Amino acid sequence: MRNLWIFLSRYNAFFFFIIFFTVGIILTIRNNVYQRSVTFSSTNEIVGTAYKRLNVVKRYLNLVQVNDSLAAENAALKTQLLAINAIDSTQVTKVKDTINHQQYTLISAKVFKNSVTLTNNMITINKGIKDGIMKDMAVISPGKGVVGFVQNVSENFATIRPLLNQETAISVVLKKDNAFGSLVWGDDNFDYRKAYVKEIPNHYKVKVGDTIITSGSGGFPRGIEVGRVTNTSVSTGDSFMTLEVTLFNNFSTLQFVYVVKDKFAEEVKSLQTEVKNEQ
C-alpha cells in the first residue's frame, strides 16, 4: 500500500493531466455540434470495422458446419439427379413418387484420414452403422469420379477400400461403345492420378481422350465419369487390351465423399451367391 501511495505521489501530475484531458474532451464533444458529429461518425466507423472483422472470424470458425451442410444438400441433389437419369427416356412414364421408386440414395460423409502413397491405401470417414452405412457399399466423389467400397463399419465410423488399393476392381465401360472392362490400380503404377482398365477386347477401337464411365455394377450407378484414356498401347499380349486412364477424381484433396445406398443391393448379392453355388 505504501509503495502505491509513493507511485501516485510521484506521478500525480501525469494522472491529473489524463483526468483533465479526458474531461476536456468530453465537455468539448457535448457542447459542440461539429465535434460531436465527427466523434460519433469516427466511432461508428471503428465499431463497424471491428464488427466486420469479428464476423469474418466467426464465419471462418463456422466453415466446418457450413461445409457439412453443403455436403448433405449436394448429396440430396445428386440423389435426385441419379433418379432422373435412371428414367427410361424411350418410354413415356408418369413418376408419382420419385423418392420411393429411386434405386440409389447418397449419404454424405467427411474424410478425416486418407492415404495416397501406400500400396494398399485406406480412407476413414465420420459416418457408420447408425447413419445407414454398410459393408461393401460403393463410394463416389462429390464431383466426377469413383472412390471405392466400404470395407469395415463401426457405430460411428467406416473405412473405405479406395481404388488406390490393389485389391479393388470396379466394373466400367467405354462411354462411346459400352465395351466392358475392369478398372484397377497398381501393377508398378502407384500414381494416384492414374489407373488401368483391363479386359477390353482387342476388336474395339479405342482412342486417346475416350471417356470411361461406371457400368452400373457393384453398387455404382451407371454413367459416373471415371476418367479419360491417355494411353492405348498398353497390351497384355492376348485377345484383350489394357488402357491407361487419367482419373477425374483427385484422391490427394478428397475431403467429402458420397456413400451409395443401393435399394436392390441385397437382392443382387443374393442372386449372385446362388449362381456361384450352382457352378
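No experiment lies behind these values; they were computed from the predicted model shown.
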Exercise for review: Please name the pair of heavy atoms, one in Arg222 and one in Asn178, separated by the smallest distance, quoted to 0.1 Å.
Suggested key: NH2-OD1, 2.6 Å
Review point. Between Asn120 and Glu167, do the side chains contain an N or O donor and an N or O acceptor separated by less than 3.5 Å?
Key: no
Point to revise | Polar side-chain atom of Asn114 near backbone of Ile123 as donor-acceptor pair, under 3.5 Å | key: no
Review point. Quick one: do Val111 and Tyr258 end up in the same hydrophobic cluster if we chain Ile, Leu, Val, Met, Phe, Trp and Tyr together by side-chain heavy atoms under 4.5 Å apart?
Key: yes
Check your understanding: Would you call Tyr192 and Asn250 a side-chain contact if the rule is heavy atoms closer than 4.5 Å?
Key -> yes
Revision key, fill the gap. Partner of Thr211 under side-chain hydrogen bond (donor to acceptor under 3.5 Å, both in side chains), picked from Lys144, Arg228, Lys176, is Arg228
Check your understanding: Minimum heavy-atom separation for Lys110 to Asn126, with atom names?
Key -> N-OD1, 2.7 Å
Review point. Can you tell me how far CD1 of Ile133 sits from CD of Glu155, rounded to the nearest 0.5 angstrom?
Key: 12.0 Å
Review point. To the nearest 0.5 Å, what is the distance between CG (Asp136) and CD (Glu266)?
Key: 9.0 Å
Practice item. Examine Leu183 and Val208 and state if one hydrophobic cluster contains both, with Ile, Leu, Val, Met, Phe, Trp and Tyr joined whenever side-chain heavy atoms are less than 4.5 Å apart. Key: no
Check your understanding: Does a sphere of radius 6.0 Å around NZ in Lys261 hold more than 12 heavy atoms from other residues, nucleotides or ligands, not counting ones at 6.0 Å or beyond?
Key -> no
Check your understanding: With Asp131, which residues qualify under salt bridge (charged side-chain N to carboxylate O under 4.0 Å, His left out), at least two apart?
Key -> none
Check your understanding: Would Phe157 and Phe149 show up in the same hydrophobic cluster when neighbours are defined by side-chain heavy atoms closer than 4.5 Å?
Key -> no
Review point. Going through the distances and angles, do Tyr196 and Glu244 end up as a side chain to side chain contact (heavy atoms under 4.5 Å, CB included)?
Key: CA-CA 5 Å; Tyr196 294 113; Glu244 184 185 80; 4.0 Å; yes
Study note, to complete from the structure: Separation between CD (Glu225) and CD1 (Ile212), nearest 0.5 Å, reads 10.5 Å
**Study point:** Trp185 side chain to Asp191 backbone, donor-acceptor under 3.5 Å
**Key:** yes
Review point. Under the criterion side chain to side chain contact (heavy atoms under 4.5 Å, CB included), which of Ile213, Thr168, Val260, Ile170 is the partner of Val146?
Key: Ile170
Check your understanding: Okay, side chain of Asn165, backbone of Asn121: is any donor-acceptor separation there less than 3.5 Å?
Key -> yes
Check your understanding: For the hydrophobic clusters of this structure (ILVMFWY residues joined by side-chain heavy atoms under 4.5 Å, transitively), does one cluster hold both Phe112 and Val257?
Key -> no
Point to revise | Heavy atoms from other residues, nucleotides or ligands near CE of Met134 exceed 12 (cutoff 6.0 Å) | key: no
Study note, to complete from the structure: Taking every heavy atom of Val206 against every heavy atom of Thr232, the minimum-distance pair comes out as O-CG2, 3.6 Å
Check your understanding: Does Thr214 use its side chain to pair, donor to acceptor, with the backbone of Pro221 at less than 3.5 Å?
Key -> yes
Review point. Which atom names give the shortest non-hydrogen contact between Ile200 and Ala179, and what distance separates them?
Key: CD1-O, 3.8 Å
Check your understanding: Can you tell me if Ser182 and Glu199 form a side-chain donor-acceptor pair at under 3.5 Å?
Key -> no
Review point. What closest approach, in Å, do Val184 and Ala169 show between heavy atoms, and which atom pair accounts for it?
Key: CG1-CB, 3.9 Å
Review point. In Å, rounded to the nearest 0.5 Å, how long is the span from CD1 of Ile140 to CD1 of Ile224?
Key: 4.0 Å
Check your understanding: Honestly curious: do Val116 and Val245 fall in one hydrophobic cluster under the side-chain, below-4.5 Å linking rule?
Key -> yes
**Study point:** Worked verdict on Leu247 versus Leu163 for side chain to side chain contact (heavy atoms under 4.5 Å, CB included)
**Key:** CA-CA 10 Å; Leu247 301 171; Leu163 174 63; 3.8 Å; yes
Review point. Is the distance between the ring centroids of Phe220 and Tyr104 under 6.0 Å?
Key: no
Exercise for review: Using the side chain to side chain contact (heavy atoms under 4.5 Å, CB included) rule, take Ile125 and Val259 through it: C-alpha gap first, then chi angles, then the decisive distance, then the call.
Suggested key: CA-CA 10 Å; Ile125 59 175; Val259 181; 4.0 Å; yes
Exercise for review: Of all the heavy-atom pairs spanning Ile160 and Pro162, show the shortest one and how long it is.
Suggested key: O-CD, 3.0 Å
Review point. Does the pair Leu254 and Val147 meet the rule for a side chain to side chain contact (heavy atoms under 4.5 Å, CB included), with working shown?
Key: CA-CA 9 Å; Leu254 203 60; Val147 176; 4.1 Å; yes
Practice item. Using the test side chain to side chain contact (heavy atoms under 4.5 Å, CB included), find all partners of Ser171 that sit at least two apart in sequence or belong to another chain. Key: Phe180, Ser215, Ser217
Check your understanding: Are any side-chain N or O atoms of Lys135 and backbone N or O atoms of Gln151, one a donor and one an acceptor, separated by less than 3.5 Å?
Key -> yes
Check your understanding: Hey, what do you get for OG1 (Thr230) to CG (Leu243), rounding to the nearest 0.5 Å?
Key -> 9.0 Å
